[in-house]
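Presented below is the structure to which this report refers.
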Amino acid sequence: MLPQPARMKGMSAAFRSFVLVSREQIARNYASVRSVVGPAVDVLGVVKADAYGHGAIEVARVLVGEGAGWLAVSSVDEGATLRASGVVAPRILVMGGFLPFEAEAMLGYDLTPAVHSLEQMRDLDRLAGAAGKTVRYHLKIDSGMGRLGTRAPAAEIVAALAATPHAQLEGLMTHLASAADYTSTQTADQLAYFGRIAAALDAGGYRGLRLHTSSTNAIAYGRGSGHNMVRAGHALYGYVSPARGQAPAQGLDVRPALTWKARLLAVKELPAGALVGYGGTFRTPRAMRIGVIGAGYADGIFHRLSNRGQVIADGKLTPILGTISMDLTTIDLSHTSILGPGDEVTLLGQEGEARLDAQQIARVAGTISYNILCSISARVRRVYV
Ligand SMILES: *Cc1c(COP(=O)(O)O)cnc(C)c1O
């Protein structure tokens, strides 16, 4: 079943293209993650990439207001922006770690890095020693995704820990590459590898660590449970990826929190045989009423949706006609006569019975829902309701 976008009927804003974000829906999604993982597990609210296009500062405020003790971002820059905005998040994990030139801001803004190598543990130890403080960090293990994380054997990790007294290991984490794929053994293999490293650290005297492996899909399908922390991003914004293979029912009750609208700049009648847009890639098969909306690929409408995608106009799904331009998109309005310049159409969201969410758009655009949400550009104003 498709997730249902939150209802925001009658909500509007005086911009050509704008996004309405429901704070309440984000709070409900966070509560759903909380209830699925249970009270013994901490939830890191992932607000990287401007909270997947929803606005990191506002989303962080909502999550902290709901009692979130941890937020996660990708870079020191994102963490510093949150801190400087006055969001009083108790703890912020920087999942992408730090580069040498970011060390000062990282310490200054009290950000907690994910550390990806033994060498970086030693760098952090030197930094902390020089600053005269202990700095907490989470060590990331590459358990088989082949991206960030150390592949060092447990014995070498334990030896490096003993040699880095100013850097304080607080958490051990890994990232799963295929959590929604039940046709592959990759998740089981990764969890087994991670479990062996965690057990070896425990045996080496490193107890009571924050252990985290799960992001949205692993949370939804109940993989990697037994750890005491999870990292939830996509779920907070209302999405869980569909599973492949024999999966259990997913357990999260989340819905999209974002509606994206744009206004018509013009409505006009075209005769049969007329060409529309760059390259003349659409020719009207009959006399048609078309609408020209004030948003294009510079706003984040995928160029790939040219002659393929849809929008919702007057409560009905209707096709995008011709090539999407930088600032304009042409659509079929033959089904309605009530819309005119200044009226809104829905690019993502719900109008009447018609729904269009990021997963549906992604399928047509040949990408993933994350990519659709993150691509809504800074020019599109965010409005919080
Ligand atoms: C982005 C990210 C997450 C969040 O993933 P979702 O699928 O959006 O929940 C978790 N962990 C890491 C390391 C990430 O980069």
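In what follows, every heavy atom counts, from backbone to side chain, and hydrogens, waters and symmetry copies are set aside. Just follow the structure's listing: the first ligand is 1, and inside any ligand the first atom is 1.
Taking distance alone, with nitrogen or oxygen atoms compared against 3.5 Å, G233 approaches ligand 1 more closely than that limit.
Heavy atoms of K140 found under 4.0 angstrom from ligand 1 belong exclusively to the side chain.
Rounded to the nearest 0.5 angstrom, H138 NE2 and R231 CZ are separated by 10.5 Å.
Taking a cut-off of under 4.0 Å to the non-hydrogen atoms of K48, the atoms of ligand 1 that pass are 1 (C), 2 (C), 3 (C), 14 (C), 15 (O). Those atoms of ligand 1 with a heavy atom of Y52 less than 4.0 angstrom away are 1 (C), 4 (C), 5 (O), 6 (P), 8 (O). Applying the 4.0 Å criterion to heavy atoms of M95 picks out, from ligand 1, the atoms 2 (C), 11 (N), 12 (C), 13 (C), 14 (C), 15 (O). Counting atoms of ligand 1 from 1 in the listed order, those under 4.0 Å from a heavy atom of H234 are 6 (P), 8 (O), 9 (O).
Ring centroids of H54 and W260 are separated by 6.0 Å or more, keeping the two rings apart.
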query = For R263 and D343, what are the C-alpha separation, side-chain angles and deciding distance, and is it a salt bridge (charged side-chain N to carboxylate O under 4.0 Å, His left out)?
reply = CA-CA 5 Å; R263 289 181 193 278; D343 288 337; over 6 Å; no
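Side-chain atoms of T318 come within 3.5 Å of backbone atoms of D332 as a donor-acceptor pair (strictly under, hydrogens ignored).
Using the six-membered ring where Trp is involved, Y182 and Y221 have ring planes that are perpendicular, over 60° apart on the 30 and 60° scheme.
Looking from atom 5 (O) of ligand 1 to the surrounding protein, the closest heavy atom is S215 CB, 3.3 Å. If you check which protein heavy atom lies closest to atom 11 (N) of ligand 1, you get R231 NE, 2.7 Å. In this structure, atom 7 (O) of ligand 1 lies nearest to the protein heavy atom Y370 OH, 2.6 Å. Considering only non-hydrogen protein atoms, atom 9 (O) of ligand 1 sits nearest to T216 OG1, 2.5 Å.
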Please list, one pair per line, the donor and acceptor atoms closer than 3.5 Å that link side chains of residues 308-317 to other protein atoms, with sequence neighbours excluded.
{"from": "D314", "atom 1": "OD2", "to": "T336", "atom 2": "OG1", "distance (Å)": "2.8"}

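Contact annotation: the side chain of E104 never approaches that of L127 to less than 4.5 Å [non-hydrogen atoms, C-beta and beyond].
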